[in-house]
Structures are given as C-alpha cells and as structure tokens.
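For reference, the structure is listed below as structure tokens.
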Amino acid sequence: MSYTTALHGSAKEDALSALYNQFTVDDQTLFKITQTFLNEISDGLSSYGRPMAMIPTFVKGVPDGSETGTFLALDLGGTNLRVCEVTLLGDKTFSLRQQKYKVSETLKTGEVTSLFDYLADSVDAFLTSHDSHTSHADEDTPYVPLALTFSFPVEQSALDSGVLLTWTKGFAAKNAIGKDVVKLLQDAFDRKHIHVKCVALVNDTVGALLSRAYTSGGCILGAIFGTGTNGAYVEEVSKITKLGDSPAAAAGGEMIVNTEWGAFNNSRSALPTTPYDNKVDRESINPRFQAFEKFISGMYLGEITRNVILSLIDAAPKPLLFGGRSSAQLNKQWGLDTAVLSEIEEAWEDIKAREEEKLPRIQGILAQRLELSPDDVSLADADIVRQVCTLIASRAARMSGTAVAAILVHTGRARLCYGGEQSSAGLKDEGKRIGVGVDGSLVEFYPNFQTKLRASLRTLVGPEVESRVDIGMAKDGSGAGAALCALVAQRQSLANHT
C-alpha cells in the first residue's frame, strides 16, 4: 500500500504539487547552472574581488603517498576546533593523534583577538598534555611548525599568509575582515610565549584534495558537501591570469585553486530560488552572500524544511499538517537540524524494515525531534514531511553535481552533453581515472546523496566520463591535508635557503 493515498483532499495534493514544482530541478536548469558556473570560474581566475573568489593557494604539486614526516595541524572550521599531530608514513597511510576543543558562541561573535588567543591556548594545552613527537623545539628548529586549516574565505598571497574575506558558518568575530589570519594566530602565540610557528595556511577543501591524493595516489578535485560547501582543484598557473607578472605566474606549472563556490551565483540569476530560500537568506547571518551554499549545504537544508513545514501548518483556511499545531522547537530559527532529515530518509529507505513499519517510525522521529505531541502527528503528516525532506535534499544533491561537472569541463576532462552522449576523444586524461576527494556529513551519511549527485553529473557530462570519476572520501582532509601543506611549506623554506 502506498501511504501517499492517505493524502486525501485536493488542498494537500495541490500544496504538495506546488512544492514539487518549486523544488524539482529539471535537466535544463542543471545545464543553465553549470554554464553559469563556468562563466564565474573564468571571471574569478581573471580578476580579484569576485564573489566566487577562485583563490590561488600557492600549493604547488599534489602528493603521491610517498611523503613522510610528523607535523602539527590546527583545524578551525565550525563548532569545534581540533589540534592534531599527523605522522605521514610514506605508504599512502598516516597516523593521527588529536584533541577537540569547543568554540563557544561568545568566541564566534566576540573580538577576534579573544578567538585567536583561545586557538593558541588550545595548541599549548595539546602540546602540554600529549607526549608529542613535535612537542618541543630543538636547536635546528627553534619552534614547532604548525599548519592552520582555516575553513573560511581567505585571499592568500603566500603559503603562510592570507587575508580573511568574510566569515561564514555562523562566525562573525569582530575586527577580523581584511586581517591576515596567520599573523593573528602568530601574534597570539607570541603574546603567550608559545614556541609554535604557523608555516602554512590551508582551506579544508584544499586539505581534502591533498589527503585524497595522498591516500589514493592522485586527485584533481577536493569537494566539501557538509555543514558548508566548497571545492578546490588543480589548475594550470597560466589560466590564473589575475596573478599577472608575479613570481608565482612566472614559475608556471600547476597550482591548487580554492574556488569558494559556496558564493557561486550570489546574484541568483541561475539558481532555482523559492520563497522559502529567500526567507532563509533574509534571516541568515549573511544575507545575499553564500547563495549556492544556502541551497545545498547541511547548515541550511533543515532550515528550509522547517519553513516549508510551518507554511503547511499555517495554511488557511485549513491547516495541512499536524492539525495546525507547532512547537517551540519548530518555531525556533535553526530548530530543525539537517540530521533529522537524514534520520527520516534513513527510516524510509531502510530495506530491512517492512513497508508498514516505515511511516510509524517517521511519526515517532517527528514527535521526538520536533517536540510535538504524538497525537498531533498522523501517518499522513509523516508521509508529507518525508516527501518534503526528499524534495529538498534531492535538489541539493542534483545541484551539487553541477559544481563537480563545471570543474571537469573547465579543466578539459569533460564536455557538457546537451541533448545526449558526446565523444570523449581529445579530452584531458581520456580513458583514465579522474580522482575526486569528498568530505562532509551530507556526502558521507545522507541517504542517496552521492547517488543523486552522480546521476546529475551523468546527465551533464555523459555516462562515459561519469563512469571514470572516482569519488572517494578524503580521510581527514583538514588534519592530514594540513600536515601535507606543512610539508610543502618546509620543502619551500629549505629550497629558499639553498
């Protein structure tokens, strides 16, 4: 029995039909988004100050898994900060020791010096409490080398220097925009007389690329689909024309570029915007910024869904959900976590569960997680919410595919397949594996997210190219990736002194 038959009455059917129309991204829209992506990639490579910043990282070359060494990494990217010691073993594997520290809301929105003092104190606490291989400086190295994984938009001017462009992911620390984050951290270490030197600045997406390259023997794109979203890829330096006649441009070769694609299409000219997206954007900490991220990332999917649910509760003349009753949890901004959507879809997709068990399970999840009275959540309600979750997450997965497709097309590894299959003759890496490292809770845990992303990619670049795209989890990109960046910094430093 299909429980959608429980949706009696044309008002509910009309409401769901309208939601399907609003949140379903057809193939034509996918191509439009991807073409706009390609245009914004070119704009960002040719000039500074673009929303999709296309930031040169000064990380040149990609590891192959043979590298060795022990390095310290500090990872700031969200709710927690993490200090870790990474030992690269030289056989495509590494060992890791780490400690997490909570970042309070006060630190996220207070003075930036307080935030960076806390980072320095956390590193000091880690070195003091762990019997660390890197925990003491020696005569050759009077400081402990550390790489900072800083998962926010930064305009880098060197491997160990970068200016913060904007905060994302709920951070809004004062007097930080326009400051060099490496200097902020180093000043905190120096103020506290901690003998640590920040030698490399790395974005978590760059870290994902480096980590996947290290453990799989090669990778051209690192992508995050989690709380936020971003991508970093290997680019020919000659295409980064905004570098002008700088030493980096003169050196040629390849360089990793951090796209900052969370800010793709901030104008929303190509994005399939609904009134629910507009409301989430308007009430966010950064209205009119990070547009793409607000459509596809874990920080926002729950909030979009919450707004859709409330619109169905508030429908007039007759409510279409929960008998018109809400809860304090559901009325609260960010009151519905994307993890709940995942839990609902997991219950629905559970192949071990009998068909008649699925909706009652979802009923229970809604009552518990949204703090609703069980009497107010019918099976029909459970089915409506389940369909809404699927719609919003499917849109996110399909749109995520456009970002991967755009990088493949831009780097000459694919062509857009308007109207059917095209030959792959003459493409870069023709017939070879194309390595893509991914990280983030959506792509790792959300049911069918990667499957739907791949289907979108197949539509855009054709089955032959898509079949060669090897999407693998980037093992601790922000830790091992940062360590690999510290290795690069050490090599460059040695090269500069010889």
Side-chain angles (χ1 to χ4, degrees), residues 21-47 49-55 205 220-221 223-225 229-236 239-242 257-274 277 281 288-297 394-430 434 436 452-469 471:
N21 290 335
Q22 286 179 300
F23 285 99
T24 300
V25 182
D26 61 20
D27 291 354
Q28 187 180 351
T29 304
L30 287 181
F31 281 107
K32 180 185 176 185
I33 294 169
T34 309
Q35 190 56 62
T36 308
F37 233 114
L38 289 164
N39 297 340
E40 293 199 17
I41 286 170
S42 297
D43 287 348
L45 289 173
S46 62
S47 56
R50 300 289 183 177
M52 199 160 94
M54 304 301 292
I55 300 163
T205 319
I220 62 106
L221 168 66
I224 306 292
F225 299 108
T229 185
N230 192 13
Y233 72 102
V234 181
E235 179 62 282
E236 295 167 22
K239 286 187 180 177
I240 315 172
T241 54
K242 66 183 175 184
V257 169
N258 167 21
T259 66
E260 288 300 334
W261 74 34
F264 162 65
N265 204 222
N266 275 350
S267 67
R268 299 191 178 217
S269 62
L271 297 176
T273 308
T274 72
D277 298 301
D281 178 55
R288 301 196 179 277
F289 290 95
Q290 296 298 108
F292 190 59
E293 183 165 271
K294 286 170 182 168
F295 281 76
I296 72 166
S297 76
S394 295
R395 184 184 70 161
R398 278 176 67 76
M399 288 175 68
S400 297
T402 66
V404 178
I407 297 299
L408 297 184
V409 172
H410 172 75
T411 58
R413 292 176 171 87
R415 298 185 188 94
L416 282 180
C417 288
Y418 296 107
E421 178 65 4
Q422 292 183 357
S423 166
S424 61
L427 293 175
K428 189 173 183 178
D429 295 338
E430 184 185 343
I434 302 169
V436 175
K452 290 172 181 176
L453 186 158
R454 272 198 171 277
S456 167
L457 184 61
R458 191 158 53 250
T459 297
L460 292 164
V461 302
E464 195 282 326
V465 172
E466 184 271 329
S467 69
R468 292 190 285 109
V469 177
I471 298 178

Q: Classify the side-chain pair Asn265/Ser269 by whether it contains a donor and acceptor separated by less than 3.5 Å.
A: yes
**Q.** Nearest heavy-atom neighbours spanning Pro272 and Arg395
**A.** O-NH1, 3.4 Å
Q: Measure the shortest side-chain to side-chain distance between Phe295 and Ile33 over non-hydrogen atoms and say whether it is less than 4.5 angstrom.
A: no
Q) Taking atom OG1 of Thr411 and atom CD1 of Ile220, what is their separation to the nearest 0.5 Å? A) 5.0 Å
Q: State, with a plain yes or no, whether a side-chain heavy atom of Leu408 is found less than 4.5 Å away from one of Leu457.
A: yes
Q) Taking C-beta and beyond as the side chain, do Ile434 and Val465 meet within less than 4.5 Å on heavy atoms? A) yes
Q | Residue that, paired with Phe264, satisfies side-chain contact (heavy atoms from CB on, under 4.5 Å) out of Asn230, Leu271, Thr259 | A | Leu271
Q) Do you know which two heavy atoms are closest between Ala53 and Glu260, and how far apart they sit? A) N-CB, 4.2 Å
Q) Between Ala232 and Asn258, which heavy-atom pair has the shortest distance, and what is it? A) CB-CA, 4.1 Å
Q) Is the side chain of Lys294 donor-acceptor paired with the backbone N or O of Phe289 at a distance under 3.5 Å, no angle test? A) yes
**Q.** Short side-chain to backbone donor-acceptor contact, Thr24 and Asn21, under 3.5 Å
**A.** no
Q: Looking only at non-hydrogen atoms, find the nearest pair between Leu45 and Glu235 and report the distance.
A: CD1-OE2, 3.4 Å
Q. Got a second to check how far Thr205's OG1 is from Ile224's CD1, nearest 0.5 Å?
A. 4.5 Å
**Q.** Contact check, side chains of Asn266 and Arg288, non-hydrogen atoms, under 4.5 Å
**A.** no
Q: State the CD1-CE distance between Ile41 and Met54, to the nearest 0.5 angstrom.
A: 5.0 Å
Q: Output yes when Asp277 and Arg268 qualify as a salt bridge under the 4.0 Å nitrogen-oxygen rule, no when they do not.
A: no
(Q) Is a donor from one side chain sitting under 3.5 angstrom from an acceptor on the other, for Asn39 and Ser42? (A) no
Q) Can you check whether Phe37 reaches Val409 side chain to side chain, under 4.5 Å on heavy atoms? A) no
Q: For the residue pair Met399 and Phe292, establish whether any side-chain heavy-atom pair is separated by less than 4.5 Å.
A: yes
Q. Could you state the interatomic distance from CG (Asp27) to OH (Tyr418), rounded to the nearest 0.5 Å?
A. 12.0 Å
Q) Do Glu293 and Thr229 come within less than 4.5 Å of each other through their side chains, counting heavy atoms only? A) yes
Q: State, yes or no, whether a side-chain contact exists between Arg468 and Arg413 at a heavy-atom distance under 4.5 Å.
A: no
Q) Which atoms form the tightest heavy-atom contact between Glu466 and Arg454, and what is the distance? A) OE2-NH1, 2.6 Å
Q.
For Cys417 versus Gly462, what's the shortest heavy-atom pair and its separation?
A. SG-N, 3.5 Å
Q | Rounded distance (nearest 0.5 Å) linking atom CG of Leu38 with atom CD1 of Ile407 | A | 8.5 Å
Q | Within 6.0 Å of NZ in Lys32, more than 12 heavy atoms from elsewhere | A | no
Q. Looking at CD of Gln35 and CG of Leu416, how far apart are the two atoms once the value is rounded to the nearest 0.5 Å?
A. 6.0 Å
